[in-house]
Amino acid sequence: EIAEYVEDLALAGQLLDETSALLANHDAPELDLRLLRQRGRVALANGNPGAAVQWLGSARTAASKLYGDMDLRTIDC
(Lines give C-alpha, C1' and ligand atoms only; values in the text may rest on other atoms or scores of the structure.)
Protein backbone atom coordinates (compact mmCIF):
# COMPACT_ATOMS: atom_id res chain seq x y z
CA GLU A 1 0.00 0.00 0.00
CA ILE A 2 2.76 2.47 0.90
CA ALA A 3 4.82 1.39 -2.11
CA GLU A 4 1.89 2.18 -4.41
CA TYR A 5 1.53 5.60 -2.78
CA VAL A 6 5.22 6.34 -3.32
CA GLU A 7 4.99 5.21 -6.95
CA ASP A 8 1.92 7.41 -7.46
CA LEU A 9 3.75 10.43 -6.05
CA ALA A 10 6.74 9.77 -8.30
CA LEU A 11 4.43 9.51 -11.30
CA ALA A 12 2.64 12.72 -10.29
CA GLY A 13 6.00 14.48 -10.12
CA GLN A 14 6.96 13.21 -13.57
CA LEU A 15 3.64 14.29 -15.04
CA LEU A 16 4.01 17.77 -13.56
CA ASP A 17 7.53 18.03 -14.97
CA GLU A 18 6.32 17.01 -18.43
CA THR A 19 3.33 19.32 -18.26
CA SER A 20 5.48 22.26 -17.23
CA ALA A 21 7.85 21.63 -20.14
CA LEU A 22 4.97 21.36 -22.62
CA LEU A 23 3.40 24.59 -21.39
CA ALA A 24 6.60 26.59 -21.16
CA ASN A 25 5.72 28.90 -24.06
CA HIS A 26 2.17 29.91 -23.23
CA ASP A 27 0.55 32.93 -21.68
CA ALA A 28 -1.69 31.53 -18.94
CA PRO A 29 -0.53 32.85 -15.56
CA GLU A 30 -3.34 31.13 -13.63
CA LEU A 31 -2.29 27.78 -15.07
CA ASP A 32 1.33 28.50 -14.14
CA LEU A 33 0.20 29.27 -10.60
CA ARG A 34 -1.71 26.00 -10.32
CA LEU A 35 1.27 24.03 -11.62
CA LEU A 36 3.64 25.71 -9.15
CA ARG A 37 1.27 24.94 -6.29
CA GLN A 38 0.88 21.30 -7.30
CA ARG A 39 4.62 20.83 -7.77
CA GLY A 40 5.15 22.17 -4.26
CA ARG A 41 2.54 19.86 -2.78
CA VAL A 42 3.97 16.83 -4.58
CA ALA A 43 7.51 17.73 -3.48
CA LEU A 44 6.33 17.99 0.12
CA ALA A 45 4.50 14.67 -0.08
CA ASN A 46 7.65 13.11 -1.55
CA GLY A 47 9.62 14.22 1.50
CA ASN A 48 11.49 17.02 -0.22
CA PRO A 49 10.74 20.09 1.92
CA GLY A 50 13.44 22.23 0.30
CA ALA A 51 11.90 21.85 -3.15
CA ALA A 52 8.43 22.30 -1.67
CA VAL A 53 9.40 25.63 -0.14
CA GLN A 54 10.88 26.75 -3.45
CA TRP A 55 7.81 25.77 -5.52
CA LEU A 56 5.26 27.04 -3.00
CA GLY A 57 7.21 30.28 -2.56
CA SER A 58 7.14 30.77 -6.31
CA ALA A 59 3.40 30.07 -6.29
CA ARG A 60 2.89 32.67 -3.54
CA THR A 61 4.85 35.27 -5.52
CA ALA A 62 2.91 34.51 -8.70
CA ALA A 63 -0.43 34.69 -6.86
CA SER A 64 0.54 38.00 -5.29
CA LYS A 65 1.31 39.45 -8.72
CA LEU A 66 -1.94 38.13 -10.17
CA TYR A 67 -4.37 38.84 -7.36
CA GLY A 68 -2.66 41.09 -4.81
CA ASP A 69 -1.36 40.26 -1.34
CA MET A 70 -4.70 40.24 0.47
CA ASP A 71 -6.70 38.09 -1.96
CA LEU A 72 -7.75 34.68 -0.59
CA ARG A 73 -6.19 32.97 -3.62
CA THR A 74 -2.84 34.44 -2.61
CA ILE A 75 -3.26 33.67 1.07
CA ASP A 76 -4.10 30.05 0.16
CA CYS A 77 -0.62 29.56 -1.33
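For clarity, every value in this text was computed on a predicted model and none was experimentally measured.
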Engineer: At their closest point, which heavy atom of Leu33 faces which heavy atom of Ala59, and how far apart are they?
Structural biologist: CD1-O, 3.1 Å
Engineer: Linking Ile, Leu, Val, Met, Phe, Trp and Tyr by side-chain heavy atoms under 4.5 Å, what else ends up with Leu11?
Structural biologist: Leu15
Engineer: Hey, what do you get for CG (Leu16) to CG (Leu35), rounding to the nearest 0.5 Å?
Structural biologist: 6.5 Å
Engineer: Could you identify which residues cluster with Val53, counting Ile, Leu, Val, Met, Phe, Trp and Tyr as linked when any side-chain heavy atoms lie under 4.5 Å apart, either directly or through a chain of such contacts?
Structural biologist: none
Engineer: Determine which pairs satisfy side-chain hydrogen bond (donor to acceptor under 3.5 Å, both in side chains) with at least one residue from residues 41-63, sequence neighbours left out, and list them in order.
Structural biologist: Gln38-Arg41
Engineer: Sequence neighbours left out, what pairs pass salt bridge (Lys or Arg N to Asp or Glu O under 4.0 Å) with at least one residue falling in residues 42-52?
Structural biologist: none
Engineer: So which heavy atom on Ala43 is nearest to which on Ala51, and how close?
Structural biologist: CB-CB, 4.0 Å
Engineer: Any pair with a residue in residues 42-55 that passes salt bridge (Lys or Arg N to Asp or Glu O under 4.0 Å), sequence neighbours left out, goes on the list, sorted by first then second residue, please.
Structural biologist: none
Engineer: Tell me every residue that passes side chain to side chain contact (heavy atoms under 4.5 Å, CB included) with Ala12, counting only those two or more places apart in sequence or in another chain.
Structural biologist: Val42
Engineer: Could you tabulate the donor-acceptor pairs under 3.5 Å formed by side-chain atoms of residues 68-77, not counting sequence neighbours?
Structural biologist:
unit_1: Asp69; atom_1: OD1; unit_2: Ser64; atom_2: OG; d: 2.3
unit_1: Asp71; atom_1: OD1; unit_2: Arg73; atom_2: N; d: 2.8
unit_1: Asp71; atom_1: OD1; unit_2: Arg73; atom_2: NE; d: 2.9
unit_1: Asp71; atom_1: OD2; unit_2: Arg73; atom_2: NH2; d: 3.0
unit_1: Thr74; atom_1: OG1; unit_2: Ala63; atom_2: O; d: 3.1
unit_1: Thr74; atom_1: OG1; unit_2: Gly68; atom_2: O; d: 2.8

